[in-house]
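Working notes, structure below.
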Amino acid sequence: MTNMMQDTQLTMKEENLGYMSDMALELAQMAEGTGLATLAYLFRMAALEAATAGRIAARDAIPHHVTSH
């Protein structure tokens, strides 16, 4: 049961980070459209940060097996 809860939490975290990334990109487009280049840049960096965090969370969820060589 615990593993299922962890999977659900990870899925929710990935979805939330994806949503945050998408929203930040939309805000960046809006800011750029109104001539606010610095704000657009900051939103793009926020989108990149959220996307990176989502990939790291997904990678960390994959079980790592230790093997001896």
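It should be emphasised that the depicted structure is a prediction, and the values quoted were computed from it without experimental measurement.
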Donor-acceptor list for residues 25-39 side chains, cut-off 3.5 Å, not counting sequence neighbours:
| unit_1 | atom_1 | unit_2 | atom_2 | d |
| --- | --- | --- | --- | --- |
| Glu32 | OE1 | Arg44 | NH2 | 3.3 |
| Glu32 | OE2 | Arg44 | NH2 | 3.4 |
| Thr34 | OG1 | Met30 | O | 3.3 |
| Thr34 | OG1 | Ala31 | O | 3.0 |

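- With rounding to the nearest 0.5 angstrom, the CE atom of Met45 is 8.5 Å from the CG atom of Leu42.
- Counting side-chain heavy-atom gaps under 4.5 Å among Ile, Leu, Val, Met, Phe, Trp and Tyr, Met12 is found in no cluster with other residues.
- As a member of the Ile/Leu/Val/Met/Phe/Trp/Tyr network built from side-chain separations under 4.5 Å, Tyr19 groups with Met23.
- Qualifying side chain to side chain contact (heavy atoms under 4.5 Å, CB included) partners for Ala46, counting only residues two or more places apart in sequence or in other chains: Ala24.
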Candidate pair Leu17 and Met20, rule side-chain contact (heavy atoms from CB on, under 4.5 Å), full reasoning: CA-CA 5 Å; Leu17 289 167; Met20 288 170 42; 4.2 Å; yes
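- With sequence neighbours left out, Thr52 forms a side chain to side chain contact (heavy atoms under 4.5 Å, CB included) with Leu48, Arg55, Ile56.
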